[in-house]
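Note that these values count all heavy atoms, side chains included, but never hydrogens, waters or copies made by symmetry.
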Amino acid sequence: MTSFSDARQYAPATERNRSFILEVLQRVLPPTGNILEIASGTGEHSVFFSPHLKPRQWFPSDPNPMLRDSIVAWQQHSPSDNLHSPLDIDVRESVWAVEKEGIEIAAIVNINMIHISPWSTCLGLMAGARRLLPKDGVLYLYGPYKQGGEHTTPSNLNFDESLRSQDPEWGLRNLEDVIAVAEKEGLRFVEMVEMPANNLSVIFHKN
């Protein structure tokens, strides 16, 4: 029988960025309610954030079954009573699992997805945020972006080239393009926070 620890996966960037992200989340998230994390990946962020964000309830999700197994394994390793089982959510689908289950969402958190996925996932994320979030509900994005069509650092240019070599549909997005898609879905851009390693926290509120 496979032990839970065998299913745990590790993302090296998580330990480097999690404290900085948590600091922003503690400030911008609503004080209570259900927080949906889209593309939770290994699950390391969710087990770190959830105990620090009580009484909020944290709902991780990922479309990859191997990563959902990793999330469960991390939950077994570092349990928190406000951390829920991972949901199978592909943002490109027209109805998400939380909608099917009638779970009301106060905020959506999405870390390092938009540049490591096709543009259609960004479109799906914004459409889902429009459907799920209440008035003034929060959408939080984290990751690297181009601004004004230009890379902000040589390291971001190299990272973008590396991503596109793996999949031509991947790559750093123009922040202005992401904001424009959000605005079309009734989400207003309220704040950008510069983060370590040339990343940004980008915060939207539902109109």
Side-chain angles (χ1 to χ4, degrees), residues 11 13-14 17 21 24-25 28-29 35-42 45-46 59-64 67-68 86-99 105-134 136-153 156-195 197-207:
T14 303
N17 65 33
I21 295 174
V24 178
L25 291 178
V28 304
L29 289 179
I35 314 301
L36 173 62
E37 183 186 15
I38 291 294
S40 300
T42 63
H45 277 132
S46 62
F59 288 81
S61 73
D62 204 280
N64 185 326
L67 290 175
R68 292 199 301 275
L87 298 164
D88 179 1
I89 294 179
D90 182 331
V91 293
R92 293 170 294 186
E93 295 180 352
S94 58
V95 181
W96 295 357
V98 286
E99 296 171 273
I105 299 301
I108 295 173
V109 172
N110 182 228
I111 297 168
N112 285 334
M113 179 194 80
I114 289 178
H115 58 288
I116 315 179
S117 60
W119 180 242
S120 58
T121 62
C122 179
L123 301 178
L125 174 65
M126 298 305 179
R130 170 184 51 78
R131 295 194 311 271
L132 268 68
L133 292 177
D136 295 321
V138 174
L139 171 64
Y140 170 89
L141 306 180
Y142 172 90
Y145 291 90
K146 293 189 286 186
Q147 295 185 56
E150 302 291 334
H151 289 287
T152 57
T153 64
N156 275 5
L157 170 60
N158 293 336
F159 183 40
D160 184 47
E161 291 175 345
S162 172
L163 290 172
R164 293 180 188 280
S165 70
Q166 297 174 64
D167 189 322
E169 289 195 274
W170 295 2
L172 273 62
R173 312 301 180 186
N174 282 306
L175 179 60
E176 295 84 357
D177 293 342
V178 174
I179 291 173
V181 171
E183 289 178 343
K184 287 181 181 177
E185 296 289 358
L187 304 163
R188 66 184 181 278
F189 169 65
V190 295
E191 186 180 2
M192 179 185 76
V193 182
E194 293 190 1
M195 306 291 281
N198 306 309
N199 290 295
L200 298 175
S201 287
V202 187
I203 297 104
F204 299 89
H205 287 178
K206 171 79 175 295
N207 288 330

Would you check if the side chain of [X] reaches a backbone N or O of [Y] as a donor-acceptor pair within less than 3.5 Å?
X      : Y      : value
Glu99  : Trp96  : yes
Asn174 : Glu176 : no
Arg92  : Gly124 : no
Asn110 : Leu141 : no
Lys206 : Gly186 : no
Arg164 : Trp170 : yes
Ser40  : Ser61  : yes

Find out whether [X] and [Y] are in side-chain contact, i.e. whether some heavy atom of one side chain is under 4.5 Å from a heavy atom of the other.
X      : Y      : answer
Trp119 : Val181 : yes
Pro86  : Asp62  : no
Leu133 : Val138 : no
Leu139 : Met126 : yes
Val202 : Tyr145 : yes
Glu93  : Val95  : no

Where is the tightest heavy-atom contact between [X] and [Y], given as atom of each residue plus distance?
X      : Y      : value
Leu29  : Ala107 : CD2-CB, 3.7 Å
Glu191 : Phe189 : O-CE1, 3.2 Å
Ile21  : His45  : CD1-NE2, 4.1 Å

*After noting the C-alpha distance and the side-chain angles of Phe204 and Ile179, does the key distance pass the side chain to side chain contact (heavy atoms under 4.5 Å, CB included) rule?*
CA-CA 9 Å; Phe204 299 89; Ile179 291 173; 4.0 Å; yes
*So does Glu194 have more than 12 non-hydrogen atoms from other groups sitting under 6.0 Å from CD?*
no
*asked:* Check this for me: does any side-chain nitrogen of one of Asp160 and Arg173 sit under 4.0 Å from a carboxylate oxygen of the other?
replied: no
_Passing option when Pro144 is tested against Leu172, Leu200, Ile114 for side chain to side chain contact (heavy atoms under 4.5 Å, CB included)_ = Leu172
